[in-house]
Structures are given as structure tokens and as C-alpha cells.
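Each chain gets a letter, A, B and so on, in the order the sequences are listed, and its residues count up from 1.
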Protein chains: 2
Amino acid sequence: MALLQMEESLVNKIENGTVITPKGFKADGIHIGLRHSKKDLGIIFSEVPANSAAVYTQSHFQAAPLLVTQQSIAKEGKLQAVVVNSAIANACTGEKGLEDANEMRKLCANKFSLSEHYVAVASTGVIGEYLNMDLISKGIQELKPGAETASADSFEQAILTTDLVQKNACVQVEIDGKTVTIGGASKGSGMIHPNMATMLGFVTTDAAIDTASLHEALREVTNQSFNQITVDGETSTNDMVLVMANGLAENQPLNSSHPQWDTFKFALKLVSEELAKQIAKDGEGATRLIEVNVCGAESEKDARVISKKIVGSNLVKTAVYGADANWGRIIGAIGHSDAAVDPSKVSVYLKDICLFKEGTPQSFSEEDATKYLQNKTVVFDIFLNIGEGNGTAWGCDLTYDYVKINASYRT
Amino acid sequence: MALLQMEESLVNKIENGTVITPKGFKADGIHIGLRHSKKDLGIIFSEVPANSAAVYTQSHFQAAPLLVTQQSIAKEGKLQAVVVNSAIANACTGEKGLEDANEMRKLCANKFSLSEHYVAVASTGVIGEYLNMDLISKGIQELKPGAETASADSFEQAILTTDLVQKNACVQVEIDGKTVTIGGASKGSGMIHPNMATMLGFVTTDAAIDTASLHEALREVTNQSFNQITVDGETSTNDMVLVMANGLAENQPLNSSHPQWDTFKFALKLVSEELAKQIAKDGEGATRLIEVNVCGAESEKDARVISKKIVGSNLVKTAVYGADANWGRIIGAIGHSDAAVDPSKVSVYLKDICLFKEGTPQSFSEEDATKYLQNKTVVFDIFLNIGEGNGTAWGCDLTYDYVKINASYRT
């Protein structure tokens, strides 16, 4: 924890920062008619080729745009543009879907005079429908990446589906005496929404960093952030987090031997975590953000598994919705995880209120607990007391509106 | 499938059969004051010691009565009585809870002049509260196991918590020219209810069968029935399925070498499956039973994993509630399982309506699909076409009432 605070003091959160706050990035978002009236096509553009890495859904049914993006990055590890549409996920669309995603990449490459493998594509929306390539083709011609605040704003809008709010985050750190900026945008209603195929995260940075190190950092950080908001244990066909690093900050190239490697990863984690939490908070029908911290697990992985199990439990989620400090449900969720647990050592706190201590129920003020549970963000701290692994997960409550939204989604 | 039908023709379902239909079993259920007015203490009693086996929750937090029952069975593999209370789960109650469960066993043994290890105990209800041992003690003195229909009816009532309906099943098979009867009772609101700690299954039979073979059959059958209704992936602290076989049918002792071993297992499976389906159907807030059959998986285990994943998906459950044939959610659930899947070979049917064939969306009548989805039982058939593993899981839809019940459960 002390280390985290030290790192935190080195990182400045940039209010209103976006994907174009890092040097050399531009963006745009426009309406091309895939959605009724909202923006539905967006682009992030880097003035110079950016070392890039991405992590993808583990679903067996990876959507076509993900396959195309993987091919682009595989070739040289660099990207200069990522083009994104909402409304249609281009998932479960077979050969034709793959042709369409390839065509989308080609159209974007031609428009901006780039090699095709410098372009990534992403889609989010309904599964099992084909893209309208006429609209995509005309739309790409109209994209005009800009460096204005409005440009990033438009991009953030263009990638949304049922999201209620835009999502962004930005931090700066000093590395080698240079200011390195990391910005991000994301979409998703808490990954409790796989048919809207689902979570996209885009992170830009002007840091100088080689592709392999960038990929390593992204994987590590994603496991602590985006992968910790899987509220339903559901994984969409289109989930992707993409990071582009164009090097314009002119720091010494970052890698695991660089003295400020941990600082960079911490900054990247802050952006990812902030984007992830915004997704969880915007979960369908959600009224509250739930944060679960698990401390003292046998390993970090165990801590992550248990925190995610708790935050994904329908019974915990409904109890939080009902502002009911029902610790038995936390125990239930801990109890059936595969992680190591010694029941006699487990303690459960609702913020400062001790509900369960070293295996024994505690008496507490139900009134205080209920009052606390009515906050917009509620935090549970679980102490396993068997090791040094810590982990956090985020989710949201389960409400009538969740059922309503999902019972009548296609109608 | 042909084999199953052959086996099925050998098994007679006994309408209105119960845990006391097999020879030599009696039961009772009474109100002792743990619940406001409903019955809350029950017993199953065998005239002679019955070879017995049980399977228990995999939760790290196994409740006290389960530990005591394990000790009883461990000693000789025989039971003559199982005493059950509802209202209080006696889970997460530490040393005192264990003392109480032991005392409950002792009181029952004394009352019926049995060795203590011939008695099993079970509890279901709220976690983290202690049993009122005065009431338990007085209550056990009042138990009068009988062989009347009303006796079994009382037992079935006494083990319920929030269940809306009693649950029972009974079948008969001819083995060695003798009629073997298997009866059962269960409680649980779909295992989507871990704080009500939760699912209990009691199966009685007059079959002659050694304890080890009985345990083997129970484990195998439970994996195909009770373990396939874990709607939320939640496991309670008190889950237990117990089978008692008193041998009064006088068949040749059953084991894996007996020519009718498969017939017996099939009969046991029918009873277990019937009890399990009744639990799923009575899931909190449920309006529909969902059955998912997965065929052609790489293994039976894979088929069971995938069918359970589908039936446990909040998005599938809400879609069924909304009578929406949203096959993308089925794909989502299949996609993120660990089981082997070839996306290009997957087909999804809603009863007779093909929604998705060999990796490609199909056009179908939304009207027909919606109409079918309004039935009380809906069946999805998934064909993976990569092997010979088949498996089935059962669940229920996710409704406003589920959220309502669980948001305000303790208040």
C-alpha cells in the first residue's frame, strides 16, 4: 500500500484529459446512419506510427474485427489509426463478416494513405447482423481527425451503444524528465451486456516504449482493471483493449529494465482502472458502484478471483440494491471459489463496519450499515489472513431495471 | 438415446410416491416454533439400518450439520434416521454450532434408541444464527414417524424455507424379480438462494446395495441432476443429498457387476432429476423452467459445463423471461466456457425452431419463437458437432420478483 501511495504521488490525474491529450493523437466521431441519430463511426489517429498492443476476448466466438486487428498488429507491432463503428458488432457473421472487416480496414488505410496493417478496426453492437458497407464506406470518407476537445468528445460518443455516459481518463507522469501522457476512452455497460458485444477500451500515450514491453504492461494492467469488472462472468465476442504509444514524449524507451518501469505501469493502471470503473458504474440498470477489496489471499490471483466472485454474485448485487448488509451472501460467494480459504480466519468489513470477524458473526448497527449502503459507491473489504495477495474488483447492483432492459432488449 | 428409452421402459413412475413408499421407511414433520407457524422439524426413519451415502456442498464453509452427518456415515456407512430442521441453517456458527449439531444427533439417537452414528442431521435456513436448542430438544421428543401419506407430506413441508411448493418423486423397477422402490423429497429455490442455505435432497430406497456402490451411484447421478441446476454458480454452505438403502426389497445386492446396475442407476437418476427440476422450477421469482440440452460435445463433462453455463446466464434468463429468442446470448454463454468449441459447427435450436446453424444465423419466425417461449417449460437444444458428449441443465428465468425477493430478503 505504501508503494502504491508513493507511485500515486508521481502521477497527475488530468481532469478533462482524453485520448488526444497525449502528443500527436487526433480523433473524430460522426453519424453515418448505422444508428438512428447518434454518432456511430469514430477514429483515433496518430501522426506517426505508434507501437501498439491489444488484448482480446477469450470467447470462442471472436468477432471479425478482432481477427483483422490481430493481423494488423502481428505484422509490425505498429498502428497509426483505429476505426470503430457502433450499432453492429460484426460478430457471428462468418466469411462475409471477415470480408467486411477487411474492407473497412482497407477503406480507412486508403483514405489516410496508410499501409493496411497500420489500421486496426473495432465494432460494437448487435451480434449476428452484417455491416452496411455502403454507409461504412461513405462514412470513412467523411472522417476528419482533429485535435480539438470536440474531436475527442465526438469519438467518445461514437463508440457507445446502450451506455448512458461517455467514459474517459487521463494521467501524466514524468519519465526521464519528460512529461508522458496516457489517455483513454472506453464503452460498455459493465460487461453484463454480452449481446451488445460489449467492452472496448482505447488507450493512447506519447510514451516511447517498444511493442513487446507495451504488450507486457497492457496484459498485466488489464488483469487488474478491465478483467476485474466481469460482473456476470460473461465475456463478449468483441471485447478488446487497444493501446497505441507513439513515442513523441521522447523519454528513453521504456522496458522492464527502465528505472521508471513501475511508474509507467502504475500510470497505465490508473487510466485502465478509471475506465473500467466507469464501465461498471454505468452497468445496465445500476444505481451503485460496488468495490470489493480482498487482502491477505494466498496469491494475487486468488485475491482477484474471490473479489470478482463476490462482485459477480446476483445475491450480493441484489442485497446492495436493497441496501441490506447481508454478509451471508459474501460468505456464500467466497465459500464456493476455487481459491484457498481458511473459514476460521475470514473477516468481512463494510467500509468501517465489521460484519464478520475471523469466522464469527459480529453484532453491528443495521442502521449504520443500511445508511452506508445507500451511497453511490459501496466498498467491501475482505481479509483472508492467510497470505499476502491483494486484489480488487468492481461491479454494480442488480435492479429491476436490469431485468427490464434485458427482458425486452430486442423488442 | 435408444439406450435411455429402453431403460425408461423398465422404470415405472409412481404418482404420489414419496420417501416412505420404499419398504420400511417412515417419516414425520411437525411445528416446533423455529418458524412462525409452518412446520420446521422433520424426520425420515428406517425400520432397519440402511446403507447410506451422501454428497455435500463444495463450499469452504461447510455447515455444522454436514460435518456431523459425515462423521455418522464414516463410522459404518449406515443410517437409521435423519433429522432435519428448517429456519436456521446452523452455518458459520463456529464451535457452538458444531456442539448444537452434535446435540441434535444425540437427542434423536436417544429418542429412538439408536447408536448416535445411525443418525444424520441436516439444517436449512438463515446463515450465522444459532439453533434454539430448547425448541429442538422438545421437538425431537414429539416426533412420531409414521407410514401414512400424511406423514410424508408433513416431512416434505417441514424441510421447506421460501419454497412455494413441496417436492417429491418416486419410481419402481424390477430387479432380480423383486420390486425395488426409490423415493425422494427435496427443498430449495433453485440454488439461486445460498443465504437460505439451501438445497437438501433425501432419497430412500428398499434396494439391497452396499454402501460403496450406493455412494458411487449417488455421485454419478448427482452430477447429472442436482449439480446441473446451479443457476447462479452459487453453492450454499448446507447443500446435501443423502440416500438411504435398507435392503428390504430383497434383490441380490447391487454393485457394478450386477446385470441390472445400469437400470438401478437410471431409476435413481430419474428420481434425482425429477427432484432437481422441481427445485429449478420453484426458483425465486421464476415463471418458467429452462432446460438446455447440449449434444455432440467433446466429453460429457464439457456438455454439462456448457449447458450449465447457458442456463446460469443472467442474459439468457432475462431473455426467456421476456420471451425473446435472443440466440446471441446463448452464443455468448457458449463462447466463454472453457470447454472445447468449434464456432463454425455450433447449431442452436429452440425446440424445433433453428436459430443458428453451423456458425451462421438463421432466419426464423419471431412470432413462433415468442409463442413457444411463453410455455411454462422451454427447451434449448445445442449441437456442438465435435464429439459424443451429451449433457443437460435446468434453470429458471430471471424476473422482477427475483430482484424484489433478494433485495429485501432480511427485512
Heavy-atom pair with the smallest gap, counting every atom of A:Pro361 and B:Gly128: CG-O, 3.7 Å

Per-residue tally against chain B (heavy atom, under 4.5 Å) across A:Gly359, A:Cys92, A:Ala340, A:Ser337 peaks at A:Cys92

Could you tell me the separation between the OG atom of B:Ser344 and the CD atom of A:Glu95, rounded to the nearest 0.5 Å? 10.0 Å

Of all residues at least two apart in sequence or in a different chain, which pass the side-chain hydrogen bond (donor to acceptor under 3.5 Å, both in side chains) check with A:Thr287? A:Asp397

Identify the heavy atoms of A:Phe61 and B:Gly335 that sit nearest to each other, and give their distance. CD1-CA, 3.5 Å

A:Asp338: what forms a side-chain contact (heavy atoms from CB on, under 4.5 Å) with it, not counting sequence neighbours? none

Would you mind telling me which of B:Gly97, B:Ala339, B:Gly94 has the largest number of heavy-atom pairs within less than 4.5 Å of chain A? B:Ala339

Which answer fits A:Thr93, side chain, backbone, both or neither, if we ask what part of it has an atom under 4.5 Å from a heavy atom of chain B? neither

With a 4.5 Å cut-off on side-chain heavy atoms, are B:Tyr321 and A:Val403 touching? yes

Roughly how far apart are B:His60 NE2 and A:Ile306 CD1, rounded to 0.5 Å? 6.5 Å

Can you tell which of B:Asp401, B:Ile334, B:Val341 has the highest number of heavy-atom pairs within less than 4.5 Å of chain A? B:Val341

To the nearest 0.5 Å, atom CD1 of B:Ile127 lies from atom CD1 of A:Ile330 at 11.5 Å

Could you check whether the rings of B:Tyr400 and A:Tyr400 sit parallel, tilted or perpendicular, using 30° and 60° as the cut-offs? tilted

Could you tell me which portion of A:Val320 (side chain, backbone, both or neither) has an atom closer than 4.5 angstrom to a non-hydrogen atom of chain B? neither

Separation between OH (A:Tyr402) and CG (B:Asn314), nearest 0.5 Å, reads 4.5 Å

